[in-house]
2 protein chains.
Amino acid sequence: MSGDLQGAAIRVERPAKTLRELALDKVREAIVNGYFRPGDRLVERDLCAQLGVSRTIVREVLRHLESEGLVANQQNRGPIVAQLDHDEAKQIYEIRGALEGMAARLCAEKGDPAIADALDKALQDIRDSYRDKDMAGVLTHTSVFYQTLFSMVDRHVAWGVVNLLTVRINHLRSMTIKTENRGVQGPAQMARIVDAIRRGDGPGAYQAAMDHVASASAIAEAVLSGRQSVD
Amino acid sequence: MSGDLQGAAIRVERPAKTLRELALDKVREAIVNGYFRPGDRLVERDLCAQLGVSRTIVREVLRHLESEGLVANQQNRGPIVAQLDHDEAKQIYEIRGALEGMAARLCAEKGDPAIADALDKALQDIRDSYRDKDMAGVLTHTSVFYQTLFSMVDRHVAWGVVNLLTVRINHLRSMTIKTENRGVQGPAQMARIVDAIRRGDGPGAYQAAMDHVASASAIAEAVLSGRQSVD
DNA sequence: TTAAATATCTTGGTACGCCATAATACGATT
DNA sequence: AATCGTATTATGGCGTACCAAGATATTTAA
């Protein structure tokens with residue numbers, strides 16, 4: 001990694017992160033990985049203390065997360081961590097299916113073998129993570145897989161949408177991947193996507209991507225209705 | 001529980017709008033209808049003066065619009081009105097196609113005649129607006145048409161996504177509908193969607209919706225590349 | 001025991017001030 | 001005159017303090 005292309009090589013990359021962005025990431029993280037549970041109140045001044053920043057920042061962060069759908073504001077009562085109801089989760093999976101299916105079809109139609117190779121690599125990382133029982137790794141590499149799917153055909157807007165929706169069902173994702181057999185079935189379904197792409201089979205890739213999301217959705221639904229009684 | 005139902009019936013709806021929401025709507029409006037042009041700087045203190053609110057509010061609003069994609073923040077230089085490039089617009093149309101196609105298919109599969117009736121009503125409003133050369137009305141009723149499409153099958157999340165994306169291409173929409181023949185062609189294409197839904201023809205509805213968006217996208221592209229030279 | 005009154009908590013909103021940085025203007029040096 | 005360094009200004013990033021009003025908890029009075 002020495003001597004890259006001229007100017008770019010010596011450019012000094014500043015952290016460039018503002019305090020607000022740092023705080024935003026922290027709080028989003030905290031919500032996504034369950035430190036704050038759905039329904040928990042997010043009291044501004046408490047967050048100030050916990051994050052060590054001013055109310056100004058906290059308020060901006062809360063507003064941002066609100067527009068992401070991770071935080072809900074109740075009339076005159078302040079923000080809470082958004083509750084994900086059953087039906088909404090289903091809708092999110094459905095949208096993901098439509099968009100990931102679209103991306104898969106586009107990948108297949110492009111007919112660039114490098115795409116399937118890149119996807120295979122990501123898929124192998126997923127398999128490795130499953131083998132090592134590294135569930136955080138599974139999630140990460142699954143994200144990489146889908147990001148590849150979208151970025152290989154330059155669909156960053158759609159990827160943004162998928163990403164936005166995905167954070168809202170993150171805790172469901174981490175539950176579905178722990179499901180019995182998911183470590184075998186999941187990668188197998190993803191392999192079908194890659195195969196269809198490699199064959200240049202657009203409709204097949206679309207269908208395979210849809211199927212994969214559909215099965216994740218079904219598992220999520222089962223998990224959700226199972227948990228209902230535990231709550 | 002008994003008293004709640006009765007109470008809800010006569011409950012007086014408060015404006016319930018916070019100052020922040022009011023300001024958010026104002027600024028979004030201003031961007032969407034072109035009062036602020038793409039690339040314009042949005043200086044916090046100037047906005048405070050123009051809106052008559054404090055900087056805190058303005059900052060929250062800017063953050064919100066940033067996450068909507070209407071405002072872009074430049075490193076150390078502050079926010080500007082986001083510029084919509086060619087390719088991004090195309091991607092947005094593509095996503096709309098996928099989601100509206102999905103909604104249309106679901107409507108067709110549901111087989112409820114009330115859906116087609118409601119859509120026909122919206123469509124007639126669109127035709128009337130075209131006849132009266134009321135372009136604002138065309139946009140409004142087109143929105144109603146699509147909202148109906150989504151809400152009739154309870155897909156409010158997808159509708160939210162479509163809505164979010166649509167504001168970013170709003171100025172393109174207002175240009176495409178002014179195009180030659182769009183007043184005839186547009187409603188005709190939408191009628192095809194409604195017909196397919198009425199017939200219960202899922203794939204047909206999907207395809208009709210896709211076609212409609214695709215043609216809007218093509219016009220937008222033409223308009224965009226045409227304007228390039230005018231600018 | 002219940003109902004009214006009061007205190008507390010928390011958000012919505014405002015005002016003001018400080019610092020850091022980018023851009024610009026300006027002045028000095030060669 | 002061209003270049004370099006410096007002062008100024010505009011602006012965003014961030015913090016603190018304060019007030020009003022709604023929601024909730026707590027206490028007091030009947």
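Numbers restart at 1 for each chain; the letters A, B, ... are given by sequence-line order, proteins then strands. If you're wondering where the values come from, they're calculated on a predicted model, not measured in any experiment.
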Separation of dA23(D) atom C1' from I80(A) atom CD1, nearest Å, is 15 Å
D46(A) meets the side-chain hydrogen bond (donor to acceptor under 3.5 Å, both in side chains) criterion, sequence neighbours left out, with none
Listed pairs, N/O of protein and of nucleotides 8-12 of chain C, under 3.5 Å:
from: dT11(C); atom 1: OP1; to: L42(A); atom 2: O; distance (Å): 3.4
from: dT11(C); atom 1: OP1; to: E44(A); atom 2: N; distance (Å): 3.0
from: dT11(C); atom 1: OP2; to: E44(A); atom 2: N; distance (Å): 3.3
from: dG12(C); atom 1: OP2; to: E44(A); atom 2: OE2; distance (Å): 3.4
from: dG12(C); atom 1: N7; to: R55(A); atom 2: NH2; distance (Å): 3.1

Across all chains, not counting sequence neighbours, the side-chain hydrogen bond (donor to acceptor under 3.5 Å, both in side chains) partners of D87(A) are Q91(A)
When rounded to whole Å, the NZ to C1' distance for the pair K17(A) and dG13(D) reads 16 Å
Applying side-chain hydrogen bond (donor to acceptor under 3.5 Å, both in side chains) to Q83(B) and not counting sequence neighbours gives none
Applying side-chain hydrogen bond (donor to acceptor under 3.5 Å, both in side chains) to R55(A) and not counting sequence neighbours gives E44(A)
Residues pairing under salt bridge (Lys or Arg N to Asp or Glu O under 4.0 Å) where one sits in residues 140-161 of chain B, two or more places apart or in two chains, turn out to be E94(A)-R155(B)
To the nearest angstrom, the CD-P distance between Q75(A) and dT24(D) comes to 12 Å
